[in-house]
2 protein chains.
Amino acid sequence: MNTLARVWEDQLKQEGYRVTKPRRVVLETLASGAVHLTPEELYRRARRRHRRIGLVTIYRTLTLLERLGMVQRVHVEAGCHSFAAVRLNRGHHHQLVCRTCGRVEEFPDCALDSVLHRLQTRTGFAIEAHHLEVVGRCPECR
Amino acid sequence: MNTLARVWEDQLKQEGYRVTKPRRVVLETLASGAVHLTPEELYRRARRRHRRIGLVTIYRTLTLLERLGMVQRVHVEAGCHSFAAVRLNRGHHHQLVCRTCGRVEEFPDCALDSVLHRLQTRTGFAIEAHHLEVVGRCPECR
DNA sequence: ATCTTATTGAAAATAGATTTCATTTGTGAG
DNA sequence: CTCACAAATGAAATCTATTTTCAATAAGAT
């Protein structure tokens with residue numbers, strides 16, 4: 001089993017959730033897939049590990065994992081909702097998504113911080129959160 | 001009638017599409033409305049101008065306008081698909097939304113450009129689009 | 001005014017996501 | 001280890017968003 005999946009399992013337990021077979025399968029599938037997955041695609045892959053798993057469980061588990069910050073929802077043109085594993089990197093990260101193959105590159109937002117800080121000063125808003133998503137085509141797909 | 005809507009009409013004609021009543025209504029509603037609208041909300045508003053308009057036409061017109069670059073599809077957390085008018089003489093803008101009262105402040109992304117440019121160089125991606133949304137509390141609501 | 005054909009609206013079909021509920025299964029207590 | 005019970009699951013039903021189909025309508029050229 002993958003390290004990331006094991007860490008997630010511990011976190012689930014810690015938060016008082018049960019570590020069930022379907023959940024373990026979803027975690028492993030997410031942790032081992034390099035790209036971001038739609039619920040449907042995740043379902044297809046998860047079934048290779050556990051034939052009886054239901055699509056409903058995929059949706060429920062994704063919602064839970066999103067709430068716990070283990071996966072991140074990504075919006076892309078085709079097949080609007082996709083989910084990407086939030087890797088072990090601590091701080092806040094943003095995503096660069098390839099429109100064609102779905103590959104995700106993460107990057108830190110250090111440069112954005114100064115932009116937001118200036119914005120805060122100028123508008124008087126107390127900035128609490130932000131969401132940046134960049135879409136393009138990766139080197140291989142160009 | 002709004003200037004923006006008139007320009008769009010001309011553009012439609014230019015491209016060989018017919019300027020029909022439903023299309024005119026959608027254009028006017030988009031040009032005069034909020035920053036971005038879901039198809040459903042656009043439908044609700046368009047009906048105030050033309051009672052017989054169908055939701056199907058809203059979808060079809062949005063697809064057409066998007067292809068012609070007059071509106072831009074935006075993905076947001078809740079109610080995934082929204083459409084924003086691409087205004088005249090106004091570059092790309094971002095939104096600063098107040099969590100409490102919903103007030104929207106727009107700001108240009110000049111500072112973001114350099115961030116994205118560096119990102120492009122470093123990753124080899126061809127960056128095509130980005131979406132930044134900032135949430136906070138406005139001066140009045142703090 | 002007439003003709004041609006793009007466009008429309010209603011209904012049906014499809015796709016995606018959520019709710020319901022009876023059954024199963026983790027997990028902590030004994 | 002076994003039991004009991006709440007949490008979690010899966011199948012079916014439901015709901016919501018979007019697309020397709022097709023006969024009727026209306027824009028725009030002549």
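So you know, we letter chains A, B, ... as the sequences are listed, proteins then strands, and number each from 1. Because the structure is a prediction, the values reported are computed rather than measured.
- For A/Pro39 and A/Arg60, each mapped to the nucleotide of DNA chain C holding its nearest heavy atom, the one lying further toward the 5' end belongs to A/Pro39.
- Comparing B/Lys13 and B/Thr63 along DNA chain D, the residue whose closest nucleotide (by nearest heavy atom) sits nearer the 5' end is B/Thr63.
- In this structure, B/Arg24 does not pair ionically with B/Glu28, as no charged nitrogen and carboxylate oxygen lie closer than 4.0 Å.
- Nearest nucleotide to the B/His81 side chain, out of D/dT18, C/dT7, D/dA8: D/dT18.
- Here A/Thr57 reaches the OP1 or OP2 of D/dG10: one of its side-chain N or O atoms lies under 4.0 Å away.
- Between B/Glu40 atom CD and D/dC15 atom P there is a gap of 16 Å when expressed in whole angstrom units.
- Under 4.0 angstrom from either OP1 or OP2 of D/dT9 there lies at least one side-chain N or O belonging to A/Thr20.
- Listed here is the closest heavy atom pair of B/Phe125 and B/Gln120: O-CG, 3.1 Å.
- Here the C1' atom of nucleotide C/dT7 and the CZ atom of B/Arg24 are 13 Å apart, to the nearest Å.
- Using a cutoff of 4.0 Å between basic side-chain nitrogens and carboxylate oxygens, B/Arg6 and B/Glu9 are not scored as salt-bridged.
- Going from atom CD1 of A/Ile58 over to atom P of C/dG16 covers 15 Å, rounded to whole Å.
- The interatomic distance linking A/Leu64 (CG) with C/dA17 (P) rounds to 18 Å, in whole Å.
- With D/dG10, D/dA7, C/dT4 as the candidates, the nucleotide lying closest to the side chain of B/Arg18 is C/dT4.
- Residue B/Arg52 contributes atom CZ, which lies 8 Å from atom P of D/dA26 at whole-angstrom precision.
- At the heavy-atom level, A/Leu55 lies nowhere under 4.0 Å from the strands shown.
- For C/dA17, the OP1/OP2 oxygens have a side-chain nitrogen or oxygen of A/Tyr59 closer than 4.0 Å.
- The base of D/dA8 lies outside donor-acceptor range of the side chain of A/Arg23, with no N or O pair under 3.5 Å.
- For the pair A/Leu12 CG and D/dT9 P, the interatomic distance rounds to 10 Å; values are reported in whole Å.
- Of all heavy-atom pairs between A/Pro22 and A/Thr57, the closest is CB-CG2, 3.8 Å.
- One can place CG of B/Leu42 at 14 Å from P of D/dA17, the figure rounded to the nearest angstrom.
- Residue A/Tyr17 contributes atom OH, which lies 18 Å from atom C1' of C/dT25 at whole-angstrom precision.
- Here the closest heavy-atom approach between residue B/Leu68 and residue B/Gln11 is recorded as O-NE2, 3.6 Å.
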